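Step one of this worksheet: look at the structure below.
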Amino acid sequence: MLAAILAAVAGLMFGLDIGVISGALGFIAKEFQASDTAQEWIVSSMMFGAALGALVAGRLSYGLGRKKALVLSAALFMLGAICCVLAHSVSLLIVARAILGLAIGIASFVAPLYISEVADEQHRGSLISVYQLMITIGILLAFISDALFAYAGAWRWMLGIVAVPGAIFLVGSLFLPDSPRWLMLRGRHDDALETLSTLRATREEAESEIRDIQASLREKQRGFSLFLENPNFRRSVMLGIGLQIVQQLTGINIVMYYAPRIFEVAGFGQDGQMWGTAIVGLVNMLATFIAIGFVDRWGRRPMLVAGFAIMAVGMGALAVLLSFGQDSSTMMHYLAVAVLLLFITGFAFSAGPLIWVLCAEVQPLQGRDFGIACSTFTNWIANMAVGATFLTLLGTLGASHTFWLYAALNAVFILVTLAFVPETRGVTLESLERKLNLGTRLRDIGR
Ligand code: BGC
């Protein structure tokens, strides 16, 4: 339960941070007369901080321990939120958003790691999808709170209100037990057994798990050196990196960050922009349940292919609609909303959760921390690249061509999935690892 609650709150913060800026951006731009480039930096400095956070998270979570790393991230999160409220220039706002990002980068690495270390086997898998669900709930809450504060134009409130869940997370994480696996890593055997006994039903269960941990620790965690010397590990690391690039190049976050702007280009007034965005967040959350319900029945590959196809169609249709320009009819406006929702649905049941699931599954035990750190870092860098170029693309290519570009990328990702992504449904992680080490083609390591 503790693990689940923690997953919930860390994911929620991730989502709040992603979602909150879309509604605030227009007001910020007006108050500071920020150029497109300045706006892109306000959006993407958060991702820059997050990438940095993901990079240092591995060391922090080893040195300080998972729990203290989470406490630190919660404290940084609150600090960042408060700095956003007080920021009186674009550059201060950029710094404040980078601090927020640092917090999220640490949390997005440590929280899932911590959960996988304290959760028992039967619940570990579903918690990853629940983590994504909480990200989408965070985004939705941010969109709704943005829509409410928009009536007063209160962008400082929009950015500041996230300090409240931050405070809850801070207090909650102070009460967390240390991760038993980390305690073992640091040679604190008795503490580990003590802690695990409080997390498991019986003392025997805890003792047998401690023996498993001991056995798995004999396999020393290695990172960069393994990457250099083992070509098969290089393949799984590159797959994780590639998957996260693909996830971001679907264009999901241009919708998350700039949805009101897209609705504006499609001809909506301010109210319509804000509530349209909230509906986008709602659909994003609801469609995640499709993944939770069906991923272990339908498998990863078919769901990804279907998702990319739907996203390609959605982006293409949006491109066509936008080519009619702003003074198009009301029907066009609603069509624009419909195709945007189609796109979001395609993402939320496929690439949203499944990329995180796959990234955790494909790494061999020995290089797990390193592999996941690489892919998490890539997620934020790619996220930043997309956020930092969107307005420029709109300005140079025009709205319609920009969306054609993303439609084409999604079509290409269908081929990428067919060529490289393994089907991991119902396959044990040990078996995946064995095939990987035999040099089997990536797409076949699940067979
Ligand atoms: C992605 C985020 C995205 C979110 C949307 C996550 O899986 O990593 O970049 O904003 O999904 O729901």
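Everything numeric in this text was worked out from a predicted model, so none of it was measured. Side-chain atoms are counted along with the backbone in the values below, which use heavy atoms only and exclude waters and symmetry mates. Order of listing sets the numbers, starting from 1, for every ligand and every atom in it.
Residue I18 approaches ligand 1 through these ligand atoms, each under 4.0 Å from one of its heavy atoms: 10 (O). Taking every heavy atom of G352 and a limit of under 4.0 angstrom, the matching atoms of ligand 1 come to 7 (O). For ligand 1, the atoms closer than 4.0 angstrom to any heavy atom of W356 are 6 (C), 7 (O), 8 (O). Residue-ligand proximity, Q248 to ligand 1, at heavy-atom distances under 4.0 Å covers atoms 1 (C), 8 (O), 9 (O). Each of the following atoms of ligand 1 lies closer than 4.0 Å to a heavy atom of F347: 5 (C), 11 (O). Within ligand 1, counting atoms from 1 as listed, the ones closer than 4.0 Å to a heavy atom of T136 are 12 (O). The ligand atoms of ligand 1 that sit less than 4.0 angstrom from a heavy atom of N383 are 9 (O).
Taking atom 5 (C) of ligand 1 as the reference point, the nearest protein heavy-atom neighbour is I139 CD1, 3.6 Å. Of the protein's heavy atoms, Q132 OE1, 3.5 Å lies nearest to atom 6 (C) of ligand 1. Scanning the protein for heavy atoms near atom 1 (C) of ligand 1, the closest one is Q247 OE1, 3.5 Å.
When all heavy atoms of A319 and S400 are compared, the pair lying nearest together is O-OG, 2.9 Å. Between M47 and W380, the shortest heavy-atom distance links the atoms CB-O, 3.6 Å. Listed here is the closest heavy atom pair of P302 and E423: CD-OE1, 3.4 Å. Residues V90 and A38 come closest through the heavy atom pair CG1-CB, 4.2 Å. Nearest heavy-atom pair across W298 and R425 is C-NH1, 4.0 Å.
Between S45 and R97, the side chains place no donor N or O within less than 3.5 Å of an acceptor N or O (distance only, hydrogens not considered).
Ligand 1 has an N or O atom lying under 3.5 Å from an N or O atom of N253, backbone or side chain.
By the 30° and 60° cut-offs, the orientation of the rings of F14 relative to W356 is perpendicular.
Put simply, no part of Q244 is less than 4.0 Å from ligand 1, judged by heavy atoms.
In this structure, R234 places its CZ atom where more than 12 heavy-atom neighbours from other residues, nucleotides or ligands lie under 6.0 Å away. Around the CZ atom of F268, the shell of radius 6.0 Å holds more than 12 heavy atoms that belong to other residues, nucleotides or ligands.
In N284, the part holding a heavy atom less than 4.0 Å from any atom of ligand 1 is the side chain.
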